[in-house]
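So you know, we letter chains A, B, ... as the sequences are listed, proteins then strands, and number each from 1.
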There are 2 protein chains.
Amino acid sequence: MSEPPGVAAWRNTAAEAAVATGDGDALELVELFFFAYRDFVGDADRLLENYGFGRAHHRVLHFVNRRPGLTIAALLDILRITKQSLNRVLKQLLEAGFVEARAGVVDRRQRLLYPTPKGATLARDLAALQSARFRKVMDELPPAARGAASKFLFAMIDSGERERVRAHLACAKAAGGAT
Amino acid sequence: MSEPPGVAAWRNTAAEAAVATGDGDALELVELFFFAYRDFVGDADRLLENYGFGRAHHRVLHFVNRRPGLTIAALLDILRITKQSLNRVLKQLLEAGFVEARAGVVDRRQRLLYPTPKGATLARDLAALQSARFRKVMDELPPAARGAASKFLFAMIDSGERERVRAHLACAKAAGGAT
DNA sequence: CTATTTACGTCAACTATATTGACATAAATC
DNA sequence: GATTTATGTCAATATAGTTGACGTAAATAG
């Protein structure tokens with residue numbers, strides 16, 4: 001039984017491709033990023049199951065907890081989903097008592113979103129899981145590599161988005177650095 | 001207009017949470033990881049739209065191209081989805097002529113998956129986009145931080161999974177390091 | 001050689017997350 | 001008073017995933 005036909009041909013195109021793009025290492029990084037993200041979100045997924053919530057709920061709860069008083073528009077801007085999509089999960093979080101909405105004081109059309117104590121607790125538990133992974137990673141890493149992680153991740157963000165992300169982080173920090 | 005009621009209360013729980021988990025920095029990393037991954041997959045998403053494919057197709061095509069001759073079982077193991085879910089997208093890739101399946105030579109029950117030339121080209125184009133982001137990041141980063149990225153990402157993977165990931169990478173490398 | 005296990009395919013129903021498009025309402029602003 | 005803005009909502013659709021049940025051909029154990 002010889003090698004199935006096509007394998008040799010494939011090896012050629014693969015070799016050409018490697019030459020064309022010039023990266024075996026970058027490809028490894030692509031895959032490592034995929035696997036790392038998969039496991040990273042897996043932690044939270046397991047906890048969320050106990051509440052009947054999914055990733056969409058997690059994201060909403062996270063950002064509401066991180067920046068209490070967030071408006072719908074601001075949340076849509078962060079999540080980059082449609083208001084219809086947001087509304088489904090937000091309604092569930094409101095009904096289940098994890099988030100509450102109050103009319104804006106300066107502009108009463110706005111709904112300012114706040115975590116309830118119950119919501120803040122869940123958000124903190126979820127964040128603790130994910131933070132724990134990062135802290136463990138930092139422990140495993142040589143000290144010289146530790147500072148590099150946040151620089152690396154920030155550099156991975158679209159350059160046009162970095163200002164907004166920076167603003168979000170500053171805003172969260174100003175809000176009190178919630179969980 | 002005074003501060004809406006509840007804000008002060010929230011600040012307290014937030015402060016407690018910060019003390020309890022001890023991390024404002026880890027939280028920032030959590031969010032940076034979220035934003036970085038969002039933009040990272042966004043590149044490929046835009047290209048995939050031209051073909052009527054989604055992320056699920058991308059993942060299948062990527063791993064088939066990276067490890068030609070992959071079996072269904074091996075693919076399921078990497079992707080961690082059900083065979084029913086895989087089958088839907090795989091069928092489309094087969095019908096559209098981006099992937100082809102041949103009966104295994106040693107075990108004829110197995111279907112060995114190979115990219116077609118067309119499939120290899122698309123896989124390479126997708127990989128080129130994502131590799132390009134990594135290379136750009138490496139250029140932006142101080143030299144000392146460059147080696148840290150892959151160490152960091154690898155450390156982010158579940159410790160129980162690392163061996164398998166390492167095996168996958170070795171396998172892909174042995175297969176010719178296909179783009 | 002028969003029995004079982006393995007590798008895979010498939011039908012069906014369902015869930016979660018997202019989309020587009022249209023329309024409604026109340027509050028702010030011109 | 002007219003318009004714009006912030007938000008809610010109804011409906012249809014797409015994508016990606018699930019569980020469960022059943023089928024089939026090939027490998028393997030007895």
Inset, instruction - Please check the phosphate of D:dG17 (OP1 and OP2 only) for any side-chain N or O of B:Arg59 closer than 4.0 Å. - result: yes

Legend entry - Side-chain N,O (A:Asn87) to OP1/OP2 (D:dT9) below 4.0 Å: yes

Legend entry - Rounded distance in Å - CZ (B:Arg88) to C1' (D:dT18): 11 Å

Inset, instruction - Scan B:Arg55 against the nucleic acid and name what it touches under 4.0 Å (heavy atoms): base, sugar-phosphate only, or nothing. - result: sugar-phosphate

Legend entry - Residues B:Glu161, B:Arg80: salt bridge by 4.0 Å N-O rule: yes

Inset, instruction - Could you tell me which non-hydrogen atom of A:Arg108 sits nearest to which non-hydrogen atom of A:Ala103, and how far apart they are? - result: O-CB, 4.1 Å

Inset, instruction - Using a cut-off of strictly less than 4.0 Å, decide whether B:His57 has a side-chain nitrogen or oxygen near OP1 or OP2 of D:dA16. - result: yes

Inset, instruction - Could you tell me the separation between the CG atom of B:Leu48 and the C1' atom of D:dA16, rounded to a whole number of Å? - result: 14 Å

Legend entry - B:Ile72 CD1 to D:dA25 C1', straight-line distance once rounded to whole Å: 15 Å

Inset, instruction - Please state how far atom NE2 in A:His58 lies from atom P in C:dT17, giving the value in whole angstrom units. - result: 12 Å

Legend entry - Sidechain-backbone polar pair: B:Thr116 side chain, B:Gly97 backbone, donor-acceptor under 3.5 Å: yes

Legend entry - Between C1' of C:dA16 and CG of A:Asp45, the distance in whole Å: 12 Å

Legend entry - N/O donor-acceptor pair under 3.5 Å between B:Asp39 side chain and A:Asp158 backbone: yes

Inset, instruction - Return the set of residues passing ring-ring contact (aromatic ring centres under 6.0 Å, His included) with B:His58 (not counting sequence neighbours), or none when no residue passes. - result: none

Can you list, pair by pair, the side-chain donor-acceptor contacts under 3.5 Å of residues 26-33 of chain B, counting residues two or more places apart and other chains?
{"from": "B:Glu31", "atom 1": "OE1", "to": "A:Arg66", "atom 2": "NE", "distance (Å)": "3.0"}
{"from": "B:Glu31", "atom 1": "OE1", "to": "A:Arg66", "atom 2": "NH2", "distance (Å)": "3.2"}
{"from": "B:Glu31", "atom 1": "OE1", "to": "A:His168", "atom 2": "NE2", "distance (Å)": "2.7"}
{"from": "B:Glu31", "atom 1": "OE2", "to": "A:His62", "atom 2": "NE2", "distance (Å)": "2.6"}
{"from": "B:Glu31", "atom 1": "OE2", "to": "A:Arg66", "atom 2": "NE", "distance (Å)": "2.8"}
{"from": "B:Glu31", "atom 1": "OE2", "to": "A:His168", "atom 2": "NE2", "distance (Å)": "3.2"}

Legend entry - For atom CG of A:Leu90 and atom C1' of D:dA6, their distance in whole Å: 14 Å

Legend entry - Rounded distance in Å - CG (B:Asp77) to P (C:dA7): 12 Å

Legend entry - Sequence-aligned protein contact record of nucleotides 19-30 of chain C, with B where the base is within under 4.0 Å of a protein heavy atom and S where only the sugar-phosphate is: BBBB----BS--

Legend entry - Interatomic distance where CG belongs to A:Leu76 and P belongs to D:dT5 [whole Å]: 16 Å

Inset, instruction - Verify whether the ring centers belonging to A:Phe53 and A:Phe98 lie closer than 6.0 Å. - result: yes

